[in-house]
There are 2 protein chains.
Amino acid sequence: MVAQRGRRNGAGAAHKRTRPPGTPDADNAPTAEMPAVGENGADPEVRARAIPEAAVARLAVYLRVLSAMAEQGSTTVSSEELSSAAGVNSAKLRKDLSYLGSYGTRGVGYEVEVLVGQIERTLGLTRQHKVAVVGIGNLGHALANYGGFPGRGFPVEALFDIDPDLIGVPVGGLPVSHLDDIPRVCTERQISIGVIATPPAAAQSVCDRLVAGGVQCILNFAPVVLQVPEHVEVRKVDLAVELQILSFHVARRADNAEAAAGGVNGHVVDPAVMPS
Amino acid sequence: MVAQRGRRNGAGAAHKRTRPPGTPDADNAPTAEMPAVGENGADPEVRARAIPEAAVARLAVYLRVLSAMAEQGSTTVSSEELSSAAGVNSAKLRKDLSYLGSYGTRGVGYEVEVLVGQIERTLGLTRQHKVAVVGIGNLGHALANYGGFPGRGFPVEALFDIDPDLIGVPVGGLPVSHLDDIPRVCTERQISIGVIATPPAAAQSVCDRLVAGGVQCILNFAPVVLQVPEHVEVRKVDLAVELQILSFHVARRADNAEAAAGGVNGHVVDPAVMPS
DNA sequence: GTTTGTGAAGGGATTCACAGCC
DNA sequence: GGCTGTGAATCCCTTCACAAAC
């Protein structure tokens, strides 16, 4: 087969290590961290302009920073400026942008508008992605009221809940439908992204219905690991995990402070840290 | 386990590349993706029991799965079971667990309770981490009402907002204080984690006040890149970025489908673009 | 002079595959 | 027989450093 990138070419089913037929992959749902970009079930021979997953995430950040700059009237930026505003280093930024093509001018920098356009195109933001929100509790409300989600392009076009008192009630201008109608409504309205904001116990069943409704991407706020068929992409936002990661860093820091106890070094150690 | 682990022996301070003295690093704030775990300003000679950042995130997931299993009465698990429930592969799981030490029994598996205990210890969940939530809008409400956050260990002990109508009003049993009081209150109550759920424009200023209040970890829901001193750890949860990553995958998938010609596939909305 | 774009080098994380132990 | 623990290999991402372009 083709050159080096094809480590995955057998991807379809070939060497996936004896997989119990029920289990839908288990390799997905990558901790909201780093799913390999070539990971989905697509044909490998497509000339992947393979842009690393990590870079994709950063492009979205650059886009926001650039939009803000455009609003303030900047017309060009250097990699140095942009990178520091985005919180990365300039080499990384340049490499990321290079995946889009060559849109900079040496000795000068990048034209803000050109970059915005190219990033939008690459991220697929020139299409519309209709969103459904499931679970209209506190979080669901918050999401529904974003009303058209972050900078247009992601219109919320369906809301679902199981609570009879909520059915039919408009939230953010859109009436709430019942969970049972998820497949039908999603199909009818051509929903492409489903957002799960239900309690954990309901999440898997909601997910299944979304998938039945043809939804291909799911953003999961419920603290459960969803099982999905392999053509469905899941990202998860997990509060508990985030807090526990922070906790880990606090702990490590405390340990380090202890270890460095005698050593006088320029480290700001608040002596008030809670001694367990 | 003996000295064997020493592949990092050359790791001394030797090659720390000349860093331009002014630059405040810019290396931090890593897209909520993968900050290197040894990256913070600590001394390199601390005997790091270096556990990879990516593994830390997964440990939190294993912990949740294990807790559920314990509740259901399981007393032991194999790496195969646990890994598939957690959505990773078993080799990765075993490697992750090996960072904790050797707590499995060959030919048998792991004892659920032992694992829970070890993960909790490693993640620093044996201490309490007091949380402050800033910005009591829809999202802030949702967070405050979690009431004691994911499985105890993260009690919410302070709420802040700028809206005069909210000050003093109890939310989830805790009265809301004013933004101006952030530094004082955080210091008094020994808050260790600050959660920013404000509109983007307010986020940086809120962040500064949290830092002034001695908060060392920040979980940022506002769509801005925060600038913080290097001893402060930031994680961010960015809805727009998540959606745009999903958008990218939809787009790529559509491209692939096109390329693969035949093109009988799910719906991928019209090319209704939004110019400028 | 400045700044981009990119091969090449370097590090981390994942996967493989098997030795070691039950 | 089964399952864990882990070196070694691999892959991916980041960083370096410099040639090319303005």
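All of these numbers come straight from a predicted model, not from anything done at the bench.
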Enquirer: Going by the rule side-chain contact (heavy atoms from CB on, under 4.5 Å), which residues pair with A:E113 if we only count those two or more places apart in sequence or in a different chain?
Expert: none
Enquirer: Using whole Å, report how far CD of A:E80 lies from P of C:dT4.
Expert: 8 Å
Enquirer: Partners of B:V108 by side-chain contact (heavy atoms from CB on, under 4.5 Å), sequence neighbours excluded?
Expert: B:T105
Enquirer: Excluding sequence neighbours, so at least two apart, what forms side-chain contact (heavy atoms from CB on, under 4.5 Å) with A:E81?
Expert: A:V77, A:S78
Enquirer: If I take atom NZ in residue B:K95 and atom P in nucleotide C:dA17, what distance separates them, rounded to the nearest angstrom?
Expert: 14 Å
Enquirer: Using the side-chain hydrogen bond (donor to acceptor under 3.5 Å, both in side chains) criterion, which residues pair with B:D96? Sequence neighbours excluded.
Expert: B:R58, B:Y62
Enquirer: Is a side-chain donor or acceptor of A:S247 paired with a backbone partner of B:L123 at a separation under 3.5 angstrom?
Expert: yes
Enquirer: May I ask you to verify if any side-chain N or O of B:Y110 is less than 4.0 angstrom from the OP1 or OP2 atom of D:dG5?
Expert: yes
Enquirer: Taking atom C1' of D:dT4 as reference, at what distance in whole Å does atom CG of B:L100 sit?
Expert: 14 Å
Enquirer: Write down the distance between CG (B:L82) and C1' (D:dC3), rounded to a whole number of angstrom.
Expert: 14 Å
Enquirer: Any ion pair linking B:R235 and B:E53 (charged N to carboxylate O, less than 4.0 Å)?
Expert: yes
Enquirer: Would you kindly give the CZ-to-C1' distance between A:R94 and C:dA8, to the nearest whole Å?
Expert: 15 Å
Enquirer: Under the side-chain hydrogen bond (donor to acceptor under 3.5 Å, both in side chains) test, which residues partner B:Q204, sequence neighbours left out?
Expert: B:D208
Enquirer: Which residues pass the side-chain contact (heavy atoms from CB on, under 4.5 Å) test with B:A85, not counting sequence neighbours?
Expert: B:V65, B:M69
Enquirer: Taking the side chain of A:S98 as heavy atoms from C-beta outward, which of C:dT6, D:dT4, C:dT14 is closest to it?
Expert: C:dT6
Enquirer: What pairs with B:T122 under side-chain hydrogen bond (donor to acceptor under 3.5 Å, both in side chains), at least two apart in sequence or on another chain?
Expert: none
Enquirer: Whole-Å distance between D:dC11 P and B:K92 NZ?
Expert: 16 Å
Enquirer: B:S78 side chain N/O closer than 4.0 Å to the phosphate oxygens (OP1, OP2) of D:dC3?
Expert: no
Enquirer: At under 4.0 Å, does any side-chain N or O of B:N89 touch on OP1 or OP2 of C:dT15?
Expert: yes
Enquirer: Rounded off to whole Å, could you give me the OH-to-C1' distance for the A:Y62 and C:dT4 pair?
Expert: 15 Å
Enquirer: Polar atom pairs between nucleotides 19-22 of chain C and protein, under 3.5 Å, N or O only, would you list them?
Expert:
| from | atom 1 | to | atom 2 | distance (Å) |
| --- | --- | --- | --- | --- |
| C:dG20 | N3 | B:R106 | NH1 | 3.1 |
| C:dC22 | O4' | B:R106 | O | 3.4 |

Enquirer: Could you work out how much the helix from C:dG1-D:dC22 to C:dC22-D:dG1 bends, comparing the axis of its first five pairs with that of its last five, to 10°?
Expert: 0°
Enquirer: What integer distance in Å separates A:L97:CG from C:dT3:P?
Expert: 16 Å
